[in-house]
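All remarks here apply to the structure that follows.
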Amino acid sequence: MANERGNVNVAVLGMGTVGQGVASLLLRQKDFWRERLGYELTLRRILEKYPDKTLDFDREGVPISADWRDVVDDPEVQIVVETMGGIEPAKTFILEALRRGKHVVTANKDLLALHGRELFAAASERGADLYFEASVAGAVPVLCALRQNLIAEPLTDVIGIVNGTTNYILTRMAAEGGEFGEILADAQKLGYAEFNPASDVEGIDAGRKAAILSMLSFNSQVTLDDVYVEGITGITREDIAFADQMGFAVKLLAVCREREGKIEARVHPALLPKGHPLAGVGDTFNAVLIKGESLGEVMLYGRGAGRFPTASAILGDVSEIARNIRFGCCGRLNQVFDRLKPVMPIDEIKTRFFLRLLLADRPGVLAQITKTLGKHEVSLDTVRQTDLKDGDAELVFITHIAREGDMRQALKEMGELEVTKEIITVLRVEGVA
Ligand code: NDP
Ligand code: HSE
């Protein structure tokens with residue numbers, strides 16, 4: 001229940017980039033909420049591993065503690081916001097908070113992508129709210145759309161740029177041809193990257209988000225382990241430049257689909273035609289394109305990372321729960337996700353491919369390549385010779401739609417041909433009919 005004055009008390013666990021944003025906005029926007037919601041959201045307690053840590057805002061005497069019990073056992077705390085990240089102790093703190101009848105907001109995709117089902121079940125059992133808008137695409141209200149507005153729609157495709165750090169890196173590599181490492185360091189300084197930025201650049205962060213998106217979109221249990229993941233560490237300036245010359249942008253995509261009861265969940269860099277709605281999404285912006293049987297297409301776009309965009313999403317959740325508390329309707333969005341639709345192995349997916357090959361520059365070479373591809377049902381759409389290097393020719397190909405398993409076999413055999421000097425790059429191409 002809301003307290004006597006109708007105010008709702010909130011605790012924040014973890015004073016890092018996001019937690020400080022949430023706590024400072026809770027203090028700064030009191031009057032705004034009183035006017036908008038009719039009651040206050042009050043910051044009641046803070047948990048931080050090192051309570052002496054210098055904070056970027058004045059906490060106005062709000063108690064700060066390193067002991068989770070001080071926070072979670074406080075009977076006045078109604079909503080616990082978890083912004084610590086990682087699996088443990090975040091999981092225990094959330095479960096303990098739910099056990100004590102608190103509602104929880106978390107931005108923790110690491111945890112949800114592995115243990116979402118257990119956490120959702122715990123919230124459901126208690127009739128508590130567990131909201132997690134900021135866990136996918138930061139300030140972009142995509143989970144709210146999937147959980148509420150689009151709940152009646154049989155969705156077929158949910159395709160997104162859901163990692164701000166990699167989008168920032170790819171955008172700057174395309175615009176200025178900058179060095180990968182330097183740009184990543186800037187993303188870290190700006191607070192976009194994860195504590196371990198390898199999870200951004202290796203696609204794991206986006207993989208976690210793809211698991212959450214798939215779960216909500218297709219109402220089935222999907223974990224990070226089900227998602228095929230490739231990152232952007234192998235992408236070079238040359239790849240981006242060749243793609244650009246051929247009319248494509250390179251993006252790290254999360255592709256979630258349902259076809260005939262099977263789920264496709266994958267994250268990898270891909271070429272997108274420049275006219276595709278996701279191709280122009282740059283910097284740390286995220287966007288998710290959703291397709292449904294009756295809906296057609298909807299695209300949501302906005303800031304996917306950073307202190308205040310993320311805090312804004314969290315506070316949207318807090319306000320929604322506060323409203324649920326006020327009207328006695330908590331738990332109304334809870335889903336249990338106990339269905340298990342099969343997830344397609346990567347070999348079964350069908351897409352186009354972009355290949356950069358270094359080949360001996362002599363007659364008949366192209367015929368050998370097309371013969372090998374043809375043997376595995378892969379046909380070519382576009383071929384471009386780009387350069388000659390010490391008697392070898394660099395060729396860029398775009399294929400028609402092919403089965404990934406067939407493409408892999410063809411690549412293996414092409415790699416064994418005497419004329420193949422190097423398979424430089426293999427990328428998937430999305431968004432072309
Ligand atoms: P940070 O690492 O900046 O912050 C985490 C904070 O939690 C740190 O202050 C850390 O303390 C504290 N903490 C960790 N463990 C404990 C503990 N056991 N007890 C108390 N405090 C603890 O992470 P972010 O703020 O960037 O991210 C927080 C969460 O939000 C993560 O789940 C992340 O994936 C998610 N997220 C982040 C976004 C972003 O743009 N940064 C966007 C969307 C989601 P210390 O530093 O002293 O260890
Ligand atoms: N590291 C993440 C990103 C934070 O770059 O998108 C937002 O989830």
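Whatever order the structure lists ligands and atoms in, that order sets their numbers, starting from 1. All of these numbers come straight from a predicted model, not from anything done at the bench.
- Applying the 4.0 Å criterion to heavy atoms of K209 picks out, from ligand 2, the atoms 2 (C), 3 (C), 6 (O), 7 (C), 8 (O).
- Of the options K262, E404, E258, K350, a side-chain contact (heavy atoms from CB on, under 4.5 Å) to M344 is made by K262 and by none of the others.
- Under 4.0 Å from ligand 2, not a single heavy atom of T166 appears.
- When non-hydrogen atoms are compared, ligand 1 lies under 4.0 Å from the backbone of A134 (N, CA, C, O) but not from its side chain.
- Proximity of E194 to ligand 1, defined as any heavy-atom pair under 4.0 Å, is confined to the side chain (atoms from C-beta onward).
- By the criterion of a heavy-atom distance under 4.0 Å, the side chain of T310, and not its backbone, is placed next to ligand 1.
- Residue contacts with ligand 1, taken as heavy atom pairs separated by less than 4.0 Å, involve K49 via backbone and side-chain atoms alike.
- At a 4.0 Å heavy-atom cut-off, ligand 1 does not touch F195 at all.
- Annotation for ligand 2: atoms under 4.0 Å from non-hydrogen atoms of K109 are 2 (C), 4 (C), 7 (C), 8 (O).
- Ring geometry, F120 versus F132: the interplanar angle falls from 30° to 60°, so the pair is classed tilted.
- Residue K53 places a heavy atom under 4.0 Å from ligand 1.
- Remark: R147 is positioned above the aromatic ring of Y131, its terminal NZ or CZ atom under 6.0 angstrom from the ring centre and at most 45 degrees off the axis.
- The side chain of D200, and not its backbone, has at least one atom closer than 4.0 Å to an atom of ligand 2 (non-hydrogen atoms only; side chain from C-beta on).
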